[in-house]
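Before any comments, here is the structure.
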Amino acid sequence: METHVAVIGTVFVDCKGFAKQSYYPLSRNLGQVQFVHGGVGRNVAETLAHLGVPVSLVSTCDASGIGDEVVQRLKANQVGITHLRQVDKDGMGMWLVILDEKGELAGSISHMPDVGHLAKVIEEKGDEIVSSCSHLALELDLNGEISEQVLALAHKHNKPVFGIPGNLDVILSHPHLVHQLECFICNHHEAARIWDTDLSSASSEEILAQMKAFVDASTLRSMVITLGEKGCIYYDSKTDSFGHQPVFPVRMVDSTGAGDAFFSGTVSALVRGFKLPVAVLCGTKVAGWTIESPESTCPELKEKVRSDAFFQAMREK
């Protein structure tokens with residue numbers, strides 16, 4: 001089967017405020033306010049498409065002017081939308097976010113979509129969706145029912161699943177879900193909550209050792225933990241490859257899409273058959289380019305990939 005990734009996750013519209021100078025929470029702050037398309041599932045699908053991976057988004061959005069804009073942008077970026085269902089209300093979320101003068105998250109409020117709409121899509125079309133794709137990228141914290149059903153269908157059709165967390169509500173109450181994945185990618189704050197431990201003073205080597213023990217004690221094949229400005233650590237139990245990948249110097253504009261971008265870059269390499277050390281390097285580059293963009297995805301990603309020697313070498317293999 002030819003490569004085609006089905007991304008199952010949410011659509012959001014983000015209202016982002018960028019502070020022009022030092023941000024003071026109890027005062028008025030001058031800056032810029034922008035509306036951008038977001039959501040973990042939407043971000044991942046669009047970034048995979050920019051990276052040349054055939055992809056479709058399984059999600060819902062509103063049957064409104066803004067929802068129509070989301071659909072049209074996905075179509076323009078060659079994301080399949082056959083199973084993107086528009087509904088009257090709460091098909092997509094809203095995220096109000098404030099970024100300080102350094103581009104770091106200073107505060108946010110989320111209005112979550114009603115994932116019951118997506119549950120209906122999976123119930124009605126899940127077998128068709130899973131059987132027709134080569135790989136799945138799953139936002140695990142939609143709800144337990146959706147994740148359980150998708151993973152059961154993936155097992156039935158022998159399709160690898162790459163998992164990305166949301167707010168951890170589902171993962172913490174259904175920890176076995178992670179063990180069914182081909183690869184689980186999260187940050188060190190999320191890993192600390194999953195392991196119910198304090199990693200604030202742990203070195204990358206100590207976190208790596210704990211990650212290896214966690215993976216080896218489960219049926220999870222591989223795991224990656226991002227460490228912010230310290231890069232990421234990774235472990236593949238099948239090949240016994242592990243290590244640390246540092247970041248590259250970037251000009252910080254907006255860090256909010258970095259995790260989705262890293263996940264997308266890493267998955268884009270894995271679905272093409274590259275090993276995990278190469279994949280996390282790919283993810284690191286994509287995350288860095290996205291951090292330099294005011295949007296949740298990098299609009300210039302195709303051009304950056306074409307001019308990058310590392311990606312050129314990947315295409316020649």
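The basis for the numbers below is simple: all heavy atoms, side chains too, and nothing from hydrogens, waters or symmetry mates.
In this structure, Ile194 and Phe184 have side chains that are in contact, with non-hydrogen atoms separated by less than 4.5 Å. Inter-residue side-chain proximity for Asp14 and Ser296 is flagged as met; some heavy-atom pair is nearer than 4.5 Å. Side-chain contact between Leu30 and Gln21: absent, with no pair of heavy atoms (C-beta onward) separated by less than 4.5 Å. Using a 4.5 Å heavy-atom cutoff, the side chains of Leu140 and Val170 are not in contact. A 4.5 Å side-chain heavy-atom check between Phe12 and His111 finds every atom pair outside the cut-off. Looking at heavy atoms from C-beta onward, Val71 lies in side-chain contact with Cys61 at the 4.5 angstrom threshold.
Cation-pi geometry between Lys212 and Phe242 is satisfied (NZ or CZ under 6.0 Å from the ring centre, within 45° of the ring normal).
Put simply, Phe18 and Val36 are part of two different groups of oily side chains (I, L, V, M, F, W, Y) that touch within less than 4.5 Å, one to the next. Transitive grouping of hydrophobic side chains (ILVMFWY, heavy atoms separated by less than 4.5 Å) brings Val5 and Val280 into a common cluster. Linking ILVMFWY side-chain heavy atoms closer than 4.5 Å, directly or via other members, places Val215 and Leu181 in a single hydrophobic cluster.
The minimum heavy-atom distance between Cys133 and His4, with the atom names listed, is CB-O, 3.4 Å. Minimum heavy-atom separation, Gly231 to His244: CA-NE2, 4.4 Å. Across all non-hydrogen atoms, the minimal contact from Phe162 to Phe263 is O-CZ, 3.7 Å. Taking each heavy atom of His188 and Leu199 in turn, the nearest pair found is O-CD1, 3.7 Å.
Counting only distance, with no hydrogens or angles, the side chain of Arg193 and the backbone of Leu168 share no donor-acceptor pair below 3.5 Å.
The existence of a salt bridge linking Glu303 and Arg306 is confirmed by a sub-4.0 Å separation between a basic side-chain nitrogen and an acidic carboxylate oxygen. A salt bridge does not link Asp114 to Lys89: none of the charged nitrogens lies less than 4.0 Å from a carboxylate oxygen. Arg221 has a carboxylate O that lies under 4.0 Å from a charged side-chain N of Glu182, or vice versa, which qualifies the two as a salt bridge. Salt-bridge annotation for Lys120 and Glu124: absent, with no side-chain N of the basic residue lying under 4.0 Å from a carboxylate O of the acidic one.
Rounding to the nearest 0.5 Å gives a distance of 9.0 Å between CG of Leu172 and CG of Asn167.
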